[in-house]
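See structure below.
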Amino acid sequence: HSLIKYKTDSILGIAYNRLFILDKKKMSVHFPHTNNSSKPPMFRHSNHKYNSLLKDGRGFIWFGTYDGLHVWETESGTLKSFYRSNGLVNNSIKSIYEDHSGRIWVSTSNGISKISVKKEADTFSYNFENYNHFDGVLNNEFIPGSVFLTSDRHLLWGGIDGMNELNINDNQSNEEQLFTPLISRFFISGNEITQGKKYNNKVILENSISKTRHINLQHEQNFISFEFSALNYTNPARTHYRYRLSGIDKEWNKISPHTSNGKAVYTNLAPGDYQFTVYATNNSEKWDAPPAQLSITIHPPFWRTTLAYILYIVIFMASTLFVSVIIIKQKSEKIKRLQKEELDLMKLSFYTNVSHDLKTPLSLIITPLSTIAKKIDNTDLKKQVNQVRQNANDLLNQINQLIDFRKLEIKGETLQLSFCNIPAFLENIFVPFNELTTDKNISFIWNIDIEPSNFYIDKDKLKRIVMNLLSNAFKYTRQDGTITVIAGNSHLNKGNIPAIEIAIEDNGYGIPENEQAKIFSRFYQVKNSKMPNTGSGIGLHMVHEYTKLHKGEIELNSKIDQGSCFKVRIPINLEPDTETLIQNDVSVQKSPLKILLVEDNSEFRNFLSKELSGTYQIIEAADGNEGYTKALEHLPDLILTDLMMPVMNGIELCHQLKSTIQVSHIPVIVLTAKTSDEAQLDSFEAKADAFVSKPFNMEILQLQIQNMIDKHELRKKLFKNAIVVNPQSLTSSSIDEKLIKKALDFISINMENASYSVEQLSSDMCMDRTGLYRKIMALTGQNPTAFIRSIRLKRAAQLLEQGLPVAEVAEKVGFNTLSYFSKCFQNEFGKKPSDYR
Ligand code: ADP
């Protein structure tokens with residue numbers, strides 16, 4: 001197919017895809033790739049089809065095959081192969097031609113390649129420049145070997161469909177030509193933005209994008225894309241691009257030549273300033289041409305603008321100021337309130353102090369008044385005296401209320417429950433109010449219907465509640481008004497617990513709705529010029545607090561100028577715990593002290609009773625038997641008994657008392673006309689505590705009684721202060737001594753057992769809890785819990801005196817924690833254990 005001059009005397013040729021050498025001298029042919037010499041080249045694949053052959057001006061031999069272009073650099077003897085991967089337009093070579101400036105032109109099955117060969121030092125480099133259908137090259141194949149250069153240097157290639165012509169005179173390489181790219185299209189969220197087009201009601205481009213240097217966008221317009229072109233009209237497909245968006249791209253993005261235009265896409269751009277830069281170049285990848293540039297500003301949303309930030313600061317400062325002002329105001333209000341409260345309390349303490357002073361003379365007025373009233377026969381005078389007494393009683397009641405109020409304020413009150421017949425109790429409160437009806441001609445109607453009638457209640461507090469509500473009703477009811485009180489069974493709204501309800505209704509001034517919640521606060525009084533403005537504003541406060549103490553409810557219905565109805569509901573299921581019940585018992589015993597008088601002579605008994613009743617509460621019994629029963633029933637503080645009596649005489653009574661554990665601690669004084677030593681001996685044998693012989697001076701008897709009681713109190717004190725408990729010194733009877741001894745023994749056995757309790761002690765002692773309580777209380781003045789603790793602490797004191805470490809002592813006397821031990825010890829002895837040691 002092709003022949004070229006190879007060496008002086010030889011021709012290189014291709015025939016039917018086989019390479020041969022014709023030696024003209026010898027006129028012989030040989031096939032270079034069949035012998036083993038290295039020259040001419042031997043190809044690795046035997047199926048190369050050689051379409052064309054060229055020996056160029058450099059002496060290189062070019063082989064155009066169906067599969068690649070090969071060049072044999074003759075001098076160095078190297079063979080190089082080029083394929084599409086090396087930059088060739090196509091692998092199937094049809095013709096090879098060298099032009100006047102040494103460039104090699106290759107036609108292929110699909111396009112034309114121009115190859116420039118450069119020598120760099122000892123090696124040669126090959127640079128490809130391709131032309132395809134984008135450049136106007138025929139789509140179909142070129143015919144093998146069909147290439148021709150005209151005299152005016154136009155290269156012609158023959159193809160199946162026609163022919164291509166290229167003027168290689170002006171075909172200078174665009175390697176040196178520079179292209180400045182142009183941004184040709186601009187998109188937001190995939191929508192093309194053109195000059196004057198409205199996007200979201202706003203024109204974005206005033207000019208065409210190619211002439212635009214800056215774009216302003218809103219924060220949500222942050223998905224944008226550009227298209228750009230290098231304006232390489234002759235060879236656009238061979239343009240390289242690189243582009244970058246400052247602030248986003250760290251490296252340049254490169255686009256290799258495939259399509260005519262480049263495209264860049266950016267999504268989710270944050271508000272800020274950006275610069276888009278794009279460079280274009282030809283095949284040789286020189287980036288010398290100036291770039292196209294476009295700056296973009298994405299504006300932040302309003303809430304992220306400087307103005308917004310200033311606004312935030314202003315709002316923050318304003319609210320801080322506002323809050324501080326409020327806090328300061330609240331603080332000053334609080335201070336004012338506290339000051340007022342302090343003043344109130346001071347006033348109150350002054351009033352109560354005065355009240356205490358008023359109480360005694362007032363009692364001294366009331367008591368003789370009752371006696372005087374009884375003695376007066378003149379009805380008019382009697383009525384007046386009774387009125388004086390009533391008013392004095394009212395005054396006393398007011399004073400007591402003030403004292404109670406102070407108690408409530410300072411200490412906090414507890415319920416003192418006692419079992420009581422409620423209807424009778426209420427009736428006793430209601431009846432005296434009848435006397436108030438005449439003044440204003442008020443009709444006072446009351447009805448009590450309560451079932452069951454007996455239950456536990458704090459009598460004093462219930463009385464205060466009812467008296468206050470009733471007094472208010474009378475105070476705030478006009479002339480000819482009506483007051484109705486209905487006491488009946490009901491339930492608490494909360495928990496549906498059975499309760500009694502006392503409803504006190506009047507048709508008086510009424511209370512404005514907006515003040516109804518406030519009237520239960522202390523010192524609060526409704527300001528109403530029509531209403532009597534007496535009182536102190538503590539009554540309803542106490543009603544409220546006392547109802548609350550009873551776990552009850554209070555309800556108010558009132559209309560201005562029509563009247564008010566207060567409903568108080570008190571649960572009937574209240575029960576005192578044993579300890580408080582007994583404690584109440586004990587405290588009742590204490591004031592005034594109880595004396596049991598056992599005397600068969602009623603005259604003498606009455607005389608004694610009269611004489612002593614000023615100081616003591618007197619219980620009377622006519623003989624020893626009755627005396628014994630009453631002693632067990634009332635547990636008096638002292639028993640005064642005659643010696644000679646029917647049924648059971650004084651000696652026998654004394655015997656019985658001293659051998660009955662419940663009463664054995666009660667001091668007994670024996671009175672007798674007998675002066676004989678025998679009688680005295682008998683009484684002492686019966687363990688009587690003292691002996692007084694008739695006739696006696698009343699004062700002496702009084703002193704004797706006082707001494708006896710003091711002695712008993714002294715024992716209690718002795719117990720408290722002693723470190724070593726001596727049962728004998730605590731007691732006046734052997735049975736008590738035994739009891740204390742036994743108790744001490746049990747406590748001492750259980751000294752290290754922290755959980756040893758009153759229950760265990762009472763079961764160890766074979767006594768019920770109440771009995772033990774009464775006994776221990778009577779003998780030591782302490783309840784059993786305190787008694788046990790006291791014994792432990794006394795033991796602790798002994799051990800500390802022996803020099804034992806505090807922690808060890810605490811453990812030895814049954815305290816679980818050192819801090820509790822310390823606290824109790826200090827309470828008992830006024831010193832810390834360590835100091836004591
Ligand atoms: P005071 O000593 O002023 O009576 P209270 O605490 O008992 O104090 O009552 C507080 C205020 O409630 C009274 O000042 C009065 O204005 C109003 N108030 C109480 N009970 C009635 C009532 N039955 N009718 C009208 N107003 C009443």
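Atoms within each ligand, like the ligands themselves, are counted from 1 in listed order. Residue numbers start at 1 and run along the sequence shown.
- Atom NZ of Lys548 has 12 or fewer heavy atoms from other residues, nucleotides or ligands within 6.0 Å.
- Counting heavy atoms from C-beta on, the side chains of Lys831 and Gln826 never come closer than 4.5 Å.
- A cation-pi arrangement is not found for Lys440 relative to Phe444, the charged atom failing to lie both closer than 6.0 Å to the ring centre and inside a 45° cone about the ring normal.
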Without placing hydrogens or testing angles, list every side-chain donor-acceptor pair under 3.5 Å for residues 484-498, not counting sequence neighbours.
residue, atom, partner, partner atom, Å
Asn489, OD1, Glu451, N, 2.9
Asn489, ND2, Glu451, O, 2.6

Check ligand 1 against the protein and report each N/O to N/O distance under 3.5 Å, formatted as atom name, atom name, distance.
residue, atom, partner, partner atom, Å
ligand 1, 2 (O), Ser536, N, 3.0
ligand 1, 2 (O), Gly537, N, 3.1
ligand 1, 3 (O), Tyr476, OH, 3.4
ligand 1, 3 (O), Gln525, NE2, 2.7
ligand 1, 4 (O), Asn472, OD1, 3.2
ligand 1, 4 (O), Lys475, NZ, 3.1
ligand 1, 4 (O), Tyr476, OH, 3.0
ligand 1, 6 (O), Gly539, N, 3.3
ligand 1, 6 (O), Leu540, N, 2.7
ligand 1, 7 (O), Asn472, OD1, 3.2
ligand 1, 7 (O), Asn472, ND2, 2.8
ligand 1, 7 (O), Leu540, N, 3.4
ligand 1, 8 (O), Gly537, N, 3.3
ligand 1, 14 (O), Tyr476, OH, 3.3
ligand 1, 16 (O), Val526, N, 3.3
ligand 1, 23 (N), Asp506, OD2, 2.9
ligand 1, 24 (N), Ser564, OG, 3.3

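- Residues Lys630 and Glu626 are paired through a salt bridge, judged by an N-O separation under 4.0 Å between the basic side chain and the carboxylate.
- Aromatic ring centres of Phe455 and Phe419 lie farther apart than the 6.0 Å criterion allows.
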